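Reading through the structure tokens given below for one structure.
Values reported hereafter were calculated over all heavy atoms of this structure, with side chains retained and with hydrogens, waters and symmetry mates removed. Residue numbers start from 1 in every chain, and the chains themselves are labelled A, B, ... in the order their sequence lines are given, proteins ahead of strands. Keep in mind it's a predicted model, so treat the numbers as computed, not measured.
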Amino acid sequence: MTDPAKPTLLVVDGHSLAFRAFYALPVDSFVTRDGQHTNAIHGFLSMLILLLQNEKPTHLAVAFDISRFSFRTREYAEYKGTRSETPPEFVGQVPLLEEALQAMGVQTLSKEDFEADDILATLATRGAEEGFDVLVVSGDRDAIQLVRPGVTLLYPNARGVSELKRYDRDAVVERYGIEPEQYPDVAALVGETSDNLIGIDKVGEKTAVKWLKQFGSLDEILAHADEITGVVGQNLRDQKDRAVRNRKLNRLVTDVELPVGPLDLERKPIDEQAVRAVFDRLQFKTLLERVLKIAAAERGDSAPSAADAPPADSIPVIRTLVDEELAQWIKKQSASGTTPLGLRVETHGSSVTGFGLASATETVYVPWAEGRMDYVALETWLASDAPKYLQGAKSQYKALHGAGLRLEGIAFDTTLGAWLLKPGLKPESLETQVYDYLGERLAVADPSQLVPENEGASPATEAWYILRIAEYLAGRLDAGSRGVLDDIELPLVPVLATMELTGITVNHDVLSALTAQLSETAATVAAAAFAEIGREINLGSPKQLQEVLFDQLEMPKTRSNKTGFSTDAASLADLQEQNPHPFLDLLLQHRDATKLMQIIASIDKAIDKTGRVHTTYEQAGSSTGRIASNDPNLQNVPVKTEIGRRIRSAFEPSPGFETLLTADYSQIEMRIMAHLSGDAGLIEAFNSGEDLHRFVGARIFSVAPADVTPTMRTKVKAMSYGLAYGLSAFGLSKQLRIETSEAKELMTDYFARFGAVRDYLRNVVEQAKVDGYTTTIFGRRRPFPDLNSSNRVLRENAQRQALNSPIQGSAADILKRAMLSISADMAGMQSRMLLQVHDELVFEVAPGELDDLTSLVRARMGGAADLDVPLDVQIGTGPNWDAAAH
DNA sequence: AGACGCACGTA
DNA sequence: CGTACGTGCGTCTT
């Protein structure tokens with residue numbers, strides 16, 4: 001660390017760090033209500049605040065580039081020429097960032113014709129001369145050359161700006177094997193893609209370092225170029241101009257004329273008024289708190305305001321409790337009423353080794369060993385309704401289950417809470433949540449080390465943080481989202497956990513037989529395909545397929561994608577029409593067979609010793625509220641083709657169970673659309689008992705329901721389903737392979753009869769534009785920052801997502817509600833709920849329970865929502881999943 | 001090894 | 001130029 005006796009000068013490359021932050025943080029998640037992107041500002045400030053806290057610089061400056069042009073581009077026009085246009089979402093953030101820095105009392109610097117790194121180089125050099133401990137923060141590798149006694153480089157790692165690696169001289173030597181001042185020589189030889197500086201061909205870091213060690217410097221290497229043998233030696237001699245040019249360009253200027261020197265950069269006090277104003281405009285709540293905390297500390301008034309949570313350094317001292325002491329502690333907590341405790345289960349492998357418990361003021365660690373029975377108090381508390389706050393409650397529930405412990409009283413889950421606040425984010429680790437929501441660091445053990453040199457945080461500390469994150473999140477959830485959390489998501493945790501633990505029986509022999517048959521088909525078809533084109537290629541390689549189709553067979557070009565032209569099934573079907581060739585059909589057959597084999601393999605390898613497959617449900621994985629399934633994904637088991645359905649026939653009731661039962665909602669999304677739009681025609685369609693598409697078709701084509709032809713029905717069906725996805729006339733015409741004009745006409749006719757549907761869909765988007773989010777029937781929100789984007793693609797994507805979200809999300813809510821009431825009703829039964837597939841549930845039925853289960857499932861699914869149209873539930877039973885379909 | 005794009009399975 | 005997912009492969013890049 002830095003010498004406390006010396007002043008510390010911190011100089012930061014504003015542009016490169018802000019740019020890194022821009023790409024490290026999701027651009028969609030940081031947008032103000034009026035559409036201003038703030039992710040780069042947020043990431044940069046967050047990093048800077050950490051630096052202020054950790055490094056306590058006495059002097060500070062942030063340097064910016066004025067433009068992408070400098071003396072270097074004048075010397076070499078292609079310098080940084082490979083850089084693509086700066087994204088517009090980034091450009092607007094820089095002035096705001098400078099404003100925020102100003103409010104924080106941070107000096108910003110820039111200089112015409114020079115890059116920010118040159119300013120850094122100048123200040124670092126002078127600072128070191130004047131007796132400062134200098135810290136240089138830059139995302140540009142060229143800054144390595146600045147490292148020397150008194151100058152340390154902080155360089156962001158690949159993960160963005162959240163972690164800075166410290167390079168002093170020893171660290172540079174360790175990482176690169178050379179002295180810091182030799183680094184530019186290495187870079188000159190190797191080249192720097194990001195600056196569009198091409199190096200010597202075939203010379204990488206290894207070779208460059210080897211030469212430098214041998215000859216000492218680039219000049220000496222070039223002087224002795226004749227002594228270097230082989231292709232690289234020749235390349236060096238041929239291309240030495242490149243190295244010379246690169247070296248000239250990557251030398252940082254250390255004597256830029258600046259209006260200030262290091263001594264002028266003394267930290268100024270934070271202007272709290274101004275900081276509040278700027279951060280308010282940027283809608284940075286957490287960052288504001290963190291800055292104000294620093295401001296308070298620097299003023300020397302350490303008393304936290306009453307509303308503040310305890311600061312990071314006041315994590316209560318961890319006590320390890322067992323036996324009587326533990327029982328007393330739990331008793332004391334329970335006596336204080338319904339105050340929730342943070343809970344963290346510690347596991348090693350699959351076994352439970354301890355517990356962390358925390359209240360706002362106390363942290364407790366409880367060691368646990370398998371089979372110990374002296375923890376009655378803890379066991380009782382876990383299984384009681386006493387409120388517990390967890391992170392990732394489902395996996396904790398399962399871990400406890402494995403140790404023979406029951407968990408009840410899940411009153412908050414920070415994973416679910418964070419997801420309901422921002423459903424677009426993937427679940428975060430606890431460490432990330434601590435950092436993102438509290439701005440603090442949680443120690444994490446290095447998983448790559450068998451004996452970690454840095455210890456992870458204690459489960460007790462983790463439990464305390466969980467409590468604080470939960471409070472943070474709870475304070476930000478609106479009433480609707482809180483209702484979804486309390487009434488749907490939290491109660492669903494044990495239901496899903498139990499389904500995962502139960503698993504579904506899969507018949508390995510059925511799968512093996514299928515694989516054998518498919519692999520034979522694949523081989524035969526491949527051989528025939530090779531015969532057609534006169535050579536053997538990898539049929540799974542889109543690249544090789546493109547060569548065959550468009551070069552060798554000279555077929556017309558299909559729609560293009562990033563790697564050339566598409567070879568997907570739709571494109572191949574088009575080709576078959578325009579340019580029939582036996583190869584095309586054989587290729588499709590091969591794709592079919594191999595795809596099915598893959599799916600079978602993923603299921604088969606997941607079968608456990610008891611013959612069951614246990615998927616894992618991702619409860620916080622989708623933006624709309626749906627549940628996802630993985631490892632293996634049991635929500636995409638084939639059903640549409642005959643051979644695909646044979647995979648479903650491998651899913652059977654477990655021994656001791658009578659049959660499988662499937663129950664699904666028919667046309668639930670259309671029904672929700674009818675309800676939400678209040679369209680009289682559509683509501684009548686569902687109440688009439690007539691086939692939906694026939695009813696709608698009759699209205700649109702002005703014929704009797706009996707006279708709706710299959711073609712008409714197909715068109716109407718595609719139109720109806722497309723509605724909820726924001727389908728365009730163009731898309732509809734492509735799907736139905738009809739003229740755009742006909743598709744347009746179909747849409748016009750449709751809306752002439754069902755106008756309220758169109759009005760509703762329009763209104764959803766309009767309202768979302770105003771509110772910034774959409775809401776499901778039950779109050780689940782999804783934010784849409786891009787609805788007002790100036791980027792058309794972004795905006796139109798957001799519009800379609802916005803009109804779909806209440807529909808898909810409400811359907812998800814309804815099935816989840818049904819699962820909860822079904823699960824509650826099944827408490828006394830032996831039958832088990834096994835799978836959820838978005839609008840379908842699969843059960844295995846214990847002997848004698850079929851009638852009861854059927855009627856209860858029908859009643860609970862049918863009654864899961866009170867809509868203006870009935871919820872139709874289809875139920876089927878059979879000896880396997882395929883046979884149980886209807 | 002890890003990231004990315006393509007292609008394709010489901011609702 | 002149709003929403004929401006997960007997986008496996010090929011390919012290019014650490």
Side-chain angles (χ1 to χ4, degrees), chain A residues 158 193 204-205 423-424 426 448 537-546 558-572 587-588 590-603 605-606 615-618 621-641 643-645 647-648 664-670 673 718-736 740 743 761 774 782 792-793 796-809 811-812 815 835-841 881:
Chain A
T193 322
E205 198 178 298
K426 296 282 142 245
S448 63
I537 62 160
N538 184 344
L539 293 173
S541 160
K543 201 181 162 199
Q544 294 178 38
L545 283 174
Q546 285 177 33
T558 56
R559 79 181 160 84
S560 60
N561 58 33
K562 286 189 182 174
T563 54
F565 300 96
S566 175
T567 65
D568 68 12
S571 302
L572 294 180
L587 173 59
L588 282 172
H590 186 260
R591 284 234 181 107
D592 256 10
T594 48
K595 179 74 185 176
L596 289 171
M597 284 167 68
Q598 282 167 14
I599 291 178
I600 293 170
S602 76
I603 296 169
K605 78 174 185 332
T615 187
T616 303
Y617 290 105
E618 192 64 73
S622 82
S623 307
T624 54
R626 275 191 177 180
I627 299 168
S629 156
N630 55 40
D631 276 319
N633 183 353
L634 294 186
Q635 289 177 327
N636 73 340
V637 180
V639 69
K640 287 176 180 162
T641 62
I643 184 93
R645 278 191 295 277
I647 300 179
R648 290 203 169 204
D664 65 48
Y665 285 120
S666 53
Q667 297 135 349
I668 187 166
E669 297 198 347
M670 283 296 288
M673 226 175 2
M719 172 81 209
S720 287
Y721 277 109
L723 274 183
Y725 299 147
L727 185 66
S728 64
F730 180 86
L732 185 63
S733 73
K734 279 215 86 151
Q735 191 195 329
L736 291 173
T740 318
L761 293 172
T774 60
R782 177 176 175 188
R792 204 185 86 187
V793 178
E796 291 181 347
N797 281 339
Q799 288 171 354
R800 287 189 298 272
Q801 292 165 349
L803 70 85
N804 173 261
S805 274
I807 300 167
Q808 189 183 122
L815 185 54
L835 299 179
Q836 194 257 34
V837 195
H838 307 310
D839 67 0
E840 173 187 14
L841 295 173
W881 194 4

So what does [X] touch, heavy atoms closer than 4.0 Å: a base, only the sugar-phosphate, or nothing?
{"X": "A/K562", "result": "sugar-phosphate"}
{"X": "A/K543", "result": "sugar-phosphate"}
{"X": "A/R800", "result": "sugar-phosphate"}
{"X": "A/E840", "result": "nothing"}
{"X": "A/D664", "result": "nothing"}
{"X": "A/Q808", "result": "base"}
{"X": "A/S566", "result": "sugar-phosphate"}
{"X": "A/R782", "result": "sugar-phosphate"}
{"X": "A/A569", "result": "sugar-phosphate"}

List the atom of [X], the atom of [Y], and the distance in Å for their closest heavy-atom pair.
{"X": "A/I599", "Y": "A/N636", "value": "CD1-O, 4.3 Å"}
{"X": "A/K426", "Y": "A/G621", "value": "NZ-O, 2.8 Å"}
{"X": "A/L727", "Y": "A/A718", "value": "CD2-O, 4.3 Å"}
{"X": "A/Q546", "Y": "A/G564", "value": "OE1-CA, 3.6 Å"}

From C-beta outward on [X], which listed nucleotide comes closest to its side chain: [options]?
{"X": "A/T563", "options": "C/dG10, B/dC6, C/dA4", "value": "B/dC6"}
{"X": "A/N797", "options": "C/dT7, C/dT3, B/dT10", "value": "C/dT3"}
{"X": "A/R648", "options": "B/dT10, B/dA7, C/dG6", "value": "B/dT10"}
{"X": "A/K595", "options": "B/dT10, C/dA4, B/dA7", "value": "B/dA7"}
{"X": "A/V837", "options": "B/dA11, B/dC6, C/dT11", "value": "B/dA11"}
{"X": "A/R591", "options": "C/dC1, B/dA7, C/dT7", "value": "B/dA7"}
{"X": "A/F730", "options": "B/dG9, B/dA11, C/dC1", "value": "C/dC1"}

Round to the nearest Å and state the distance from A/L572 atom CG to B/dC6 atom P.
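Taking CG of A/L572 and P of B/dC6, I get 15 Å after rounding.
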
In whole angstrom, what separates A/I600's CD1 from C/dG8's P?
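To the nearest whole Å, that distance equals 13 Å.
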
Checking only heavy atoms, does the side chain of [X] share a donor-acceptor pair with the base of [N] at less than 3.5 Å?
{"X": "A/N636", "N": "B/dG9", "value": "yes"}
{"X": "A/Q544", "N": "C/dG10", "value": "no"}
{"X": "A/R626", "N": "B/dA11", "value": "yes"}

Under 4.0 Å between a side-chain N or O of A/T594 and OP1 or OP2 of C/dG8?
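No.
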
Contact under 4.0 Å: A/T567 side-chain N or O vs B/dA7 OP1/OP2:
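Yes, such a contact exists.
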
Could you go step by step and tell me if A/S805 and A/T774 meet the side-chain hydrogen bond (donor to acceptor under 3.5 Å, both in side chains) rule?
CA-CA 7 Å; A/S805 274; A/T774 60; 4.6 Å; no

C1' spacing across the pair B/dC4 / C/dG2, given as an integer number of angstrom:
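Looking at atom C1' only, B/dC4 and C/dG2 are 23 Å apart.
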
